[in-house]
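Below, read A as the first sequence line, B as the second, and so on, with proteins coming before strands; counting in each chain starts at 1. On a predicted model such as this, the values are computed, not experimentally measured, just so you know. Atoms considered below: every heavy atom in the structure, side chains included; atoms not considered: hydrogens, waters and symmetry mates.
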Protein chains: 2
Amino acid sequence: MTETATPAERLAVGAPHRELLEQVLDTWSMQVLEHLCEAPARFNDLRRAIPAVTAKSLTATLRRLERNGIVGRSVISTRPVAVEYAITPLGKTLREPVDALLAWTSAHLAEVEAARDRFDDA
Amino acid sequence: MTETATPAERLAVGAPHRELLEQVLDTWSMQVLEHLCEAPARFNDLRRAIPAVTAKSLTATLRRLERNGIVGRSVISTRPVAVEYAITPLGKTLREPVDALLAWTSAHLAEVEAARDRFDDA
DNA sequence: CGGCATCCTGGAGGATACTG
DNA sequence: CAGTATCCTCCAGGATGCCG
């Protein structure tokens, strides 16, 4: 198929590309993703692994990721119920670009902080 | 130097890596970046190029990018004053990981939308 | 254990008006 | 032209309590 949209157009407010990025790059989603890439985890495992998240936000994050096909949710009918979240094959493809971002911050954070110091002096 | 932090640690709330990503991946910053990568531009050029942005938000975005060393700001003392914004060498290094993100959405948006349809049926 | 419903607050960001 | 100042609204997300 043909790719007609420019990068700027794909990033416009309301564009599907931009919306998808917002649902995948937010604070909690990225952390959930990193953890599930290591190993599947249950709801409260994730809560403990991500200290600052509230139950409400974690639920919303997991639902959104599940809806987008990034994570899978399986209910294990023990009593009490257990629920396991796992990364999907689609979710795994996200790791590469996200890690590229992390690599960028690692490579350039010092340079950014130097720029901040210069800016704050003036 | 040694890199000790895990990806999850770098993404934790309050971590410098995460803060930097937030200041660089937000709605307006990404669009400003894309436009300045094409060519330097003046304040009102950017306003026109990014229809949904308000003057207040654009100012805040440009200040933050300037502080982080991602864009440069030069005042041209004509009357009335002209101000030109341009991408810096550091800013240019951001393009690669950001484009990787865009490439990911292009490659997988259809698959995501299929997952959404499935989810919304249930 | 893994949620959902309700209430509530802070702060991001829009609208508008003004200025060097 | 390129902002700044002020006001004001809105809603993401925290706190709390309840339930299958």
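In this entry the distance linking CD1 of I76(A) with P of dG3(C) reads 12 Å, nearest Å. Between L58(B) atom CG and dA2(D) atom C1' the separation is 10 Å, expressed in whole Å. Counting to the nearest Å, the C1' atom of dG20(C) and the CZ atom of R79(B) are 11 Å from each other. Taking atom CG on D26(A) and atom C1' on dA12(C), their separation rounds to 16 Å, with Å as the unit. Protein atom CD of E22(B) is 16 Å distant from nucleotide atom C1' of dG13(C), rounded to whole Å. To the nearest angstrom, C1' of dG2(C) lies 7 Å from CG of N44(A). One atom, CG of L62(A), and another, P of dC4(C), lie 10 Å apart when rounded to the nearest Å. Rounded to an integer number of Å, the gap from R73(B) CZ to dA2(D) C1' is 8 Å.
Contacts of R42(B) with the nucleic acid, taken as non-hydrogen atoms under 4.0 Å apart, involve only primed sugar atoms and P, OP1 or OP2.
Taking the side chain of K56(B) as heavy atoms from C-beta on, and the options dC7(D), dG3(C), dC1(D), the nearest nucleotide is dC7(D). Distance from the side chain of W28(B) is smallest to dG14(C) among dG14(D), dG3(D), dG14(C).
Side chain to side chain, T27(B) and E22(A) meet the donor-acceptor criterion of an N or O pair below 3.5 Å.
Of the side-chain N and O atoms in T54(B), one or more sit less than 4.0 angstrom from OP1 or OP2 of dG14(C). Between S57(B) and dG14(C) there is a side-chain polar atom (N or O) within less than 4.0 angstrom of OP1 or OP2. Between Y85(B) and the phosphate of dG3(D), there is a side-chain N or O to OP1/OP2 separation shorter than 4.0 Å. Here R63(A) reaches the OP1 or OP2 of dC4(C): one of its side-chain N or O atoms lies under 4.0 Å away. Look at R48(B) and you won't find any side-chain N or O under 4.0 angstrom from OP1 or OP2 of dC1(D).
For E34(B) and R95(B), the salt-bridge test passes: some basic side-chain N is under 4.0 Å from an acidic carboxylate O.
Residues L62(B) and L46(B) meet the side-chain proximity criterion, which asks for heavy atoms closer than 4.5 Å.
Under the rule for a ring pair (Phe, Tyr, Trp, His ring centres under 6.0 Å), the partners of H108(B) that lie at least two apart in sequence or sit in another chain are W104(B).
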Exercise for the section: Go through the steps for R73(B) and R63(B) under the test side chain to side chain contact (heavy atoms under 4.5 Å, CB included), then give the verdict. Expected result: CA-CA 9 Å; R73(B) 175 180 189 270; R63(B) 284 287 178 283; 3.6 Å; yes

